Amino acid sequence: MPAILFMVLAMKDKKKNFYNGNMSYTRGLISGLVLSAIIALLSPLTQWIISYVISPEYFPNVIKRSVEIGYYKTTAEAEANFNYKNYAINSTIFAFIFGAVTTAIAMIFIRTKK
């Protein structure tokens, strides 16, 4: 929810301050896609901070627990899925797609209607 709110507020601010209150759907969509790309490029860094600074025991714990409960049969299988590389790639892709979809929907309401 905060991500959606921030994207909508950013688009409203762009409309008001950059386009003087007159922004077409296409202009807004392009602005949102650019913002989504910037956020996506920063996602690996934020994932690194989360994985290694904030919660360095996350991967070992989730690997151990997923094997214990039988989600994966071996530790190697769990390690192949629960690692920084996979999380960084997934967060980057998700950030861009989620931002693009949010922008596409929000711009229906934010655009200047003529």
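When reading the values below, keep in mind they use all heavy atoms of this one structure, side chains included, and skip hydrogens, waters and symmetry mates. Since this is a predicted model, take the numbers as computed values, not measurements. The residues of the chain are indexed from 1 along the displayed sequence.
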Problem set entry | Any donor-acceptor N or O pair under 3.5 Å, side chains Y58, Y87 | yes
Exercise. Does the ring of Y19 carry K15 above it, NZ/CZ under 6.0 angstrom from centre and within 45° of its axis?
Worked result: no
For this session: Check whether any side-chain N or O of S55 sits under 3.5 Å from a backbone N or O of S51 as a donor-acceptor pair, and report yes or no.
Result: no
Exercise. Within the distance-only criterion (no hydrogens, no angle test), does the side chain of N86 pair as donor or acceptor with the backbone N or O of F82 below 3.5 angstrom?
Worked result: no
Exercise. With a cut-off of 6.0 Å (strictly less than), are more than 12 heavy atoms of other residues, nucleotides or ligands near NZ of K113?
Worked result: yes
For this session: Taking R111 for its side chain and I108 for its backbone only, find out whether a donor-acceptor pair lies under 3.5 Å.
Result: yes
For this session: Indicate yes or no for a side-chain donor-acceptor contact from T112 to the backbone of G21 under 3.5 Å, with no hydrogens or angles considered.
Result: yes
Problem set entry | Test item: N83 side-chain N/O and A80 main-chain N/O as donor-acceptor pair under 3.5 Å | yes
Problem set entry | ring pair (Phe, Tyr, Trp, His ring centres under 6.0 Å) partners of Y71, counting only residues at least two apart | none
Exercise. Would I39 end up clustered with L45 when hydrophobic side chains under 4.5 Å apart are linked, directly or stepwise?
Worked result: no
Exercise. Would a hydrophobic clustering, with Ile, Leu, Val, Met, Phe, Trp and Tyr connected at side-chain separations under 4.5 Å, put L5 with I105?
Worked result: no
Problem set entry | Donor-acceptor contact below 3.5 Å, side chain Y25 vs main chain A104 | yes
Exercise. Checking D13 side chain against L9 main chain: does a donor-acceptor pair fall under 3.5 Å?
Worked result: no
Problem set entry | F96 reachable from I4 in the ILVMFWY side-chain graph, under 4.5 Å edges | yes
Exercise. Is a side-chain donor-acceptor pair under 3.5 Å present for S43 with Q47?
Worked result: no
Exercise. In the single-linkage hydrophobic clustering (I, L, V, M, F, W, Y; side-chain heavy atoms under 4.5 Å), do V101 and M107 co-cluster?
Worked result: yes
Problem set entry | Connected via hydrophobic side-chain network under 4.5 Å: M7 and L42 | no
Problem set entry | Nearest-0.5 Å distance, OG of residue S24 to CD1 of residue I110 | 12.5 Å
